[in-house]
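Here the structure is laid out as structure tokens; the discussion comes afterwards.
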Amino acid sequence: MNKEHPNIEVLKRLDLTNLEASAKIIAEDFVWHYYNPELPELEGDYLGLSGLKDFFKTLAGRTNGSFKVNPVSITPLGDELIVTHVKDTMFLEGKQMEIDAVVLWCIIDGTIKEAWDIPVTHTAKFLES
């Protein structure tokens, strides 16, 4: 029987809908890096739990609360890195859309230290409502 990588277990405890409940697994000096030329007002680094909350609060405002993460795959790399592939869905500027993204997570000693969120904006799909 294969045992799940311990960092995947940590990441599965992350609740993006209730970040306060995930506070124990987010490092005090955590950094969320976000890159998206289509949403330049969101690009940048967000520090700590409060920064992560601010990022998702701003994103919720831009998408009228419709933003949702739909996991596709999760892959550990070495001892500290986890790569997740997700399909994000949301309404943006009145249009329903789906976008692939990769998030690279750095997890050390059971806490999430850093994450890089990279959406693939060139192939975003607008869906029929």
Side-chain angles (χ1 to χ4, degrees):
M1 180 191 299
N2 289 340
K3 185 177 179 194
E4 189 166 65
H5 192 284
N7 286 344
I8 290 177
E9 292 175 15
V10 171
L11 198 54
K12 284 183 172 180
R13 292 177 23 219
L14 178 64
D15 182 354
L16 296 178
T17 63
N18 182 2
L19 288 169
E20 200 62 47
S22 301
K24 290 181 180 177
I25 61 165
I26 297 174
E28 199 171 302
D29 59 348
F30 169 79
V31 182
W32 177 265
H33 306 279
Y34 184 72
Y35 173 77
N36 184 342
E38 300 299 321
L39 294 173
E41 71 277 12
L42 281 174
E43 280 192 343
D45 294 341
Y46 297 81
L47 308 177
L49 178 61
S50 63
L52 190 58
K53 287 180 186 177
D54 289 345
F55 171 79
F56 282 105
K57 181 180 179 182
T58 302
L59 187 58
R62 274 292 259 129
T63 63
N64 294 320
S66 66
F67 178 80
K68 185 169 191 258
V69 176
N70 304 290
V72 175
S73 67
I74 184 167
T75 306
L77 300 173
D79 292 334
E80 298 175 353
L81 299 176
I82 300 285
V83 176
T84 56
H85 170 211
V86 298
K87 285 193 180 288
D88 296 332
T89 56
M90 69 199 87
F91 282 91
L92 188 61
E93 299 173 3
K95 297 178 184 173
Q96 185 178 8
M97 67 180 299
E98 176 182 82
I99 187 167
D100 284 301
V102 171
V103 182
L104 176 63
W105 303 88
C106 179
I107 301 173
I108 299 173
D109 296 329
T111 60
I112 302 170
K113 295 285 282 177
E114 202 163 5
W116 296 261
D117 183 350
I118 308 163
V120 186
T121 59
H122 304 291
T123 58
K125 297 176 189 167
F126 288 96
L127 307 172
E128 298 294 322
S129 310

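Just so it is clear, the model here is predicted, and its values are computed rather than measured. One is the number of the first residue; the rest follow in order along the sequence.
- Residues Cys106 and Leu81 have side chains in contact (heavy-atom distance under 4.5 Å, counting atoms from C-beta outward).
- Listed for the His5 side chain is a donor-acceptor partner under 3.5 Å among the backbone atoms of Gly78.
- Atom OH of Tyr34 sits about 13.0 Å away from atom CG of Leu52, to the nearest 0.5 Å.
- For the atom pair NZ of Lys57 and CG of Leu19, the computed distance is 13.0 Å after rounding to the nearest 0.5 Å.
- The side-chain heavy atoms of Ile112 and Ile107, taken from C-beta on, include a pair separated by under 4.5 Å.
- Here the shortest heavy-atom pairing between Asn36 and Pro119 reads ND2-CG, 3.6 Å.
- Side chain of Ser66 to backbone of Phe91: a donor-acceptor contact under 3.5 angstrom is found.
- Taking the side-chain hydrogen bond (donor to acceptor under 3.5 Å, both in side chains) definition, one finds that Glu20 meets it with Lys53, sequence neighbours left out.
- Under the rule for a salt bridge (charged side-chain N to carboxylate O under 4.0 Å, His left out), Glu28 has no partner lying at least two apart in sequence or in another chain.
- Applying the side chain to side chain contact (heavy atoms under 4.5 Å, CB included) criterion to Asp29, with sequence neighbours excluded, gives Ala27, Lys113.
- Applying the side chain to side chain contact (heavy atoms under 4.5 Å, CB included) test to Val83 and every residue at least two apart in sequence or in another chain returns Leu77, Val102, Leu104.
- Listed by chain and residue number, nothing satisfies the ring-ring contact (aromatic ring centres under 6.0 Å, His included) test with His85 (two or more places apart in sequence, or in another chain).
- Connection of Ile25 to Ile8 is established within a shared hydrophobic cluster, with ILVMFWY side chains joined at heavy-atom distances below 4.5 Å, either directly or through further cluster members.
- With rounding to the nearest 0.5 angstrom, the CG atom of Leu16 is 10.0 Å from the CZ atom of Phe55.
- Considering only residues two or more places apart in sequence or on other chains, Tyr35 meets the ring-ring contact (aromatic ring centres under 6.0 Å, His included) condition with none of them.
- Qualifying salt bridge (charged side-chain N to carboxylate O under 4.0 Å, His left out) partners for Lys68, counting only residues two or more places apart in sequence or in other chains: none.
- Closest approach of Phe30 to Glu114, counting heavy atoms only: CD1-N, 3.8 Å.
- Using a 4.5 Å heavy-atom cutoff, the side chains of Thr84 and Pro71 are not in contact.
- Residues that satisfy the side-chain hydrogen bond (donor to acceptor under 3.5 Å, both in side chains) test with Tyr46, not counting sequence neighbours, are absent from this structure.
- A 4.5 Å side-chain heavy-atom check between Val10 and Trp105 finds every atom pair outside the cut-off.
- Between the CG atom of Asn64 and the CG atom of Leu92 there is a distance of 9.5 Å, given to the nearest 0.5 Å.
- For Thr58, the side chain to side chain contact (heavy atoms under 4.5 Å, CB included) partners are Leu42, not counting sequence neighbours.
- Asp88 contributes no side-chain N or O that, together with a main-chain N or O of Phe67, makes up a donor-acceptor pair within less than 3.5 Å.
- Criterion: ILVMFWY side-chain heavy atoms under 4.5 Å apart, direct or through other members. Under it, Leu49 and Trp116 are not part of a common hydrophobic cluster.
- Atoms CG and CD1, from Asn7 and Ile82 in turn, are 5.0 Å apart once rounded to the nearest 0.5 Å.
- Contact annotation: the side chain of Leu14 approaches that of Ile26 to within less than 4.5 Å [non-hydrogen atoms, C-beta and beyond].
- The shortest heavy-atom contact between Val86 and Val69 is CG1-CG1, 3.7 Å.
- Residues satisfying the side chain to side chain contact (heavy atoms under 4.5 Å, CB included) criterion with Asp109, sequence neighbours excluded, are absent altogether.
- Between Ala115 and Val103, the closest heavy-atom pair is CB-CG1, 4.2 Å.
- Of the possible polar contacts, one joining the Asn70 side chain to the Lys87 backbone as a donor-acceptor pair under 3.5 Å is found.
- Taking Ile, Leu, Val, Met, Phe, Trp and Tyr as hydrophobic and joining them when side-chain heavy atoms fall under 4.5 Å apart, one finds Val31 in a cluster with Leu47.
- Under the salt bridge (charged side-chain N to carboxylate O under 4.0 Å, His left out) criterion, the residue pairs touching residues 10-19 are Glu4-Lys12, with sequence neighbours excluded.
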